[in-house]
Amino acid sequence: MNNRYDVVIAGAGPAGGQCARDLAARGYDVVVLETESEDEFPRQSNKSTAGTFPSMMASFGVPDDVVMQYTDSVVLESPTDHYVREQPGAVLEFADFKRFLVEDSRADGAEYRFDARVTAPIMENGEIVGVRYNGDEEVYGDIVIDATGPAAPLAKKLGVVDLKRENHAIGIEYEFEGIDIDRPGFADLNDAMMLRLDHELAPGGYSWIFHTGEDTAKVGLCYIQNGGHKQYARDDFAIDDYLTHWLETDPRFRNATPLEGKQHRGSAHIQLPEKMHTDRFMAIGDTVPTVDPLWGEGINKCMQSGRAAAATADSCLKHGNLEPTAENLEVYDTLWHRDVAPNQRKRLLMTQMLYLAPNERYDKLMADLRRLDDDTLASANRGSIPAILSLLEPSDIPMLAQFAKERFSLDWFR
Ligand SMILES: Cc1cc2nc3c(=O)[nH]c(=O)nc-3n(C[C@H](O)[C@H](O)[C@H](O)COP(=O)(O)OP(=O)(O)OC[C@H]3O[C@@H](n4cnc5c(N)ncnc54)[C@H](O)[C@@H]3O)c2cc1C
């Protein structure tokens, strides 16, 4: 077995799979090590609701056959109101999508080793030259990339990332049939991705229903286990209890039954990365982490980070004499901040503020969203301060004061 590659990637998620696709298409020798076995892949890592948008599908050439349902709108729900925005999207079958990334990069020559659990970097003269997996097996590369999501075994050991416990977001989801998709009194969720702000169901986070056709949908919730969550959480509830509570109390689920084997759970860290590379090494996707903090859109962002790392590796490897030193890989961090997640700091602040707000404010927010024009909303979504201020009002002052207190005392997201 070949044991030397141009690039070694740990993890076959959206980030690692896309990075391998780009590198293999450019003719590099690339190997991806994936901890799960191939016959069941992905099982444990089949975690995502996989709602995405046409820009991602087009820029990465994702085929229609991994789409479960094309959607026409995004719906925001509060405890007693909702806001509908026309916006085309797609809910992917995440497992098919992951397998597509593997097959497509293989067609261009990428190699995959399944049942390969990466544990540690192999170091020489203070630089990573390869990785150790499954105990004592080794593989070597000019550049090594950690794309293992929150596991981050290489990035942590190299001191590149410091994923903090208090920034840990957890999510759980079931697929159901028999859902009342267009229930009187609620928004019509046919061909919609719905996100619900309601602390009774997802304290300090949000819950969702993503329509997957006829009377079926993906139903889940997530929250960051910090300030906003602690303020609104029930002592006796774990995340599964919140989902059960929603299923028992929302009439749309009265006749719903879970689809066998269609349960997903996972996590990500919601924090601002400091650096993402060192000599001969880059960390991509949710190892960094890269997921959008506000609404959890991670697939597009993580694939973009994989592409930025592939472009950076290409710029070193194509000139045989440009060593992939930390200095020469710095461009990856620049691309990440410029193209992948340009407003990450502002979006983290918006996230913190949004999930601190009380339920009554969410009801009012729906009316505010209807009041504002599309340009202002798009600016607010990008983190524009004047646009965000147009969404705030005097009664928000106590919440803003609490936000400021928590922000400066806990130094969240660092
Ligand atoms: C419940 C939930 C719902 C979500 N919904 C959406 C959504 O609707 N839309 C959206 O865009 N994003 C969504 N996301 C976010 C999105 O799924 C992630 O941001 C994205 O999957 C991260 O991609 P990644 O490649 O960085 O990491 P991962 O997807 O975590 O992939 C990492 C891969 O590395 C492998 N691995 C782990 N450890 C090792 C090891 N030691 N050695 C070798 N391999 C290893 C894993 O098996 C996995 O295959 C959701 C996330 C969750 C948890």
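What you are looking at is a predicted structure, and each value in this text was computed from that prediction instead of being measured. Counting starts at 1 for both ligands and their atoms, in listed order. For the numbers below, each heavy atom of this structure counts, side chains included, while hydrogens, waters and symmetry mates do not.
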The protein heavy atom nearest to atom 41 (N) of ligand 1 is V118 O, 3.0 Å
Record the part of P14 in heavy-atom contact with ligand 1 below 4.0 Å; permitted values are side chain, backbone, both and neither. both
Would you say C222 contacts ligand 1, with heavy atoms under 4.0 Å as the rule? no
For H199 and Y232, take the angle between the two ring planes, folded into 0 to 90°, and tell me which bin it lands in: parallel under 30, tilted 30 to 60, perpendicular over 60. parallel
Mind checking whether P42 has a heavy atom under 4.0 Å from ligand 1? no
For ligand 1, is R117 a contact, meaning one of its heavy atoms is under 4.0 Å away? yes
Could you tell me whether A15 approaches ligand 1 through its side chain, its backbone, both or neither, with non-hydrogen atoms closer than 4.0 Å? both
Should the ring pair Y206 and W208 be called parallel, tilted or perpendicular, given that the plane angle runs from 0 to 90° and is split at 30 and 60? tilted
Tell me whether ligand 1 is touched by G306 - counting only heavy atoms on the residue side and a distance under 4.0 Å. no
State whether the number of non-hydrogen atoms from other residues, nucleotides or ligands found under 6.0 Å of R370 atom CZ is greater than 12. yes
Measuring from non-hydrogen atoms of P153 to any atom of ligand 1, is the shortest distance under 4.0 Å? yes
Does ligand 1 have an atom that lies less than 4.0 angstrom from a heavy atom of E34? yes
Please classify the Y133 to ligand 1 contact at 4.0 Å (heavy-atom distances, strictly less than): side chain, backbone, both or neither. neither
Under a 4.0 Å N-O cut-off, is there an ion pair linking D286 with K301? no
So for G220, does at least one of its heavy atoms come nearer than 4.0 angstrom to any atom of ligand 1? no
Is it true that K98 lies under 4.0 Å from ligand 1, counting heavy atoms only? yes
Is the count of non-hydrogen atoms from other residues, nucleotides or ligands lying under 6.0 Å from D236 atom CG greater than 12? yes
Write out the residue and atom name of the closest protein heavy atom to atom 34 (O) of ligand 1, then the distance separating them to 0.1 Å. G11 CA, 3.3 Å
Checking salt bridge (charged side-chain N to carboxylate O under 4.0 Å, His left out) between E38 and each of K98, R113, R106, which is the one that passes? R106
Is the closest basic N to carboxylate O distance between R254 and D180 below 4.0 Å? no
Answer yes or no: is there an ion pair linking K218 with E177, defined by an N-O contact shorter than 4.0 Å? no
